[in-house]
Amino acid sequence: LQIVDTKGRETLILPRFEPREGESRYSMDKWETAVETAYRTARPNASFRWVQADAAANLQGGLHCMGIVLPSKGFKQEN
């Protein structure tokens, strides 16, 4: 999820998952490092926040669908 505030500061919210049975924390840490490296390369001025996403994953994409329809800057509410 990308958030850009009214001053143009960008924050990327990255999902974090706990290892499942048969997976190791070490493997998850390596994966997270690779993900963060890729995002830092692509978005060097952004800040990053990892959020625990195991529970959200059970919503099967519901948060993604809500996130893509949130208004961006310039949105004006009609009365």
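Note that the numbering runs from 1 along the sequence shown for the chain.
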> Going through the distances and angles, do Thr11 and Phe48 end up as a side-chain contact (heavy atoms from CB on, under 4.5 Å)?
Replying inline: CA-CA 6 Å; Thr11 301; Phe48 297 85; over 6 Å; no
>> Please determine whether side-chain contact (heavy atoms from CB on, under 4.5 Å) holds for the pair Glu36 and Trp50, giving the CA-CA distance in whole Å, both sets of side-chain angles, and the decisive distance to 0.1 Å.
In response: CA-CA 10 Å; Glu36 189 166 339; Trp50 287 93; 2.9 Å; yes
>> Apply side-chain contact (heavy atoms from CB on, under 4.5 Å) to residues Leu1 and Leu12 and explain how you reach the verdict.
In response: CA-CA 6 Å; Leu1 175 64; Leu12 298 176; over 6 Å; no
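A continuous path of ILVMFWY side-chain contacts below 4.5 Å connects Tyr39 to Phe17, so both sit in one hydrophobic cluster.
Atom-to-atom distance recorded for Arg9:CZ and Ile3:CD1 is 12.5 Å, nearest 0.5 angstrom. The structure places OG of Ser24 at 9.0 Å from NZ of Lys30, a figure rounded to the nearest 0.5 Å.
Residues forming a salt bridge (charged side-chain N to carboxylate O under 4.0 Å, His left out) with Arg43 (at least two apart in sequence, or on another chain): Glu10. By the salt bridge (charged side-chain N to carboxylate O under 4.0 Å, His left out) test, Asp29 is found to be paired with Arg25, residues two or more places apart in sequence or in another chain being considered. For Thr41, the side-chain contact (heavy atoms from CB on, under 4.5 Å) criterion is met by Thr37, not counting sequence neighbours.
With hydrogens and angles ignored, the 3.5 Å screen pairs a side-chain donor or acceptor of Glu23 with a backbone N or O of Arg20. Side-chain atoms of Asp54 come within 3.5 Å of backbone atoms of Glu18 as a donor-acceptor pair (strictly under, hydrogens ignored).
Taking each heavy atom of Arg40 and Ala46 in turn, the nearest pair found is NH1-O, 4.2 Å.
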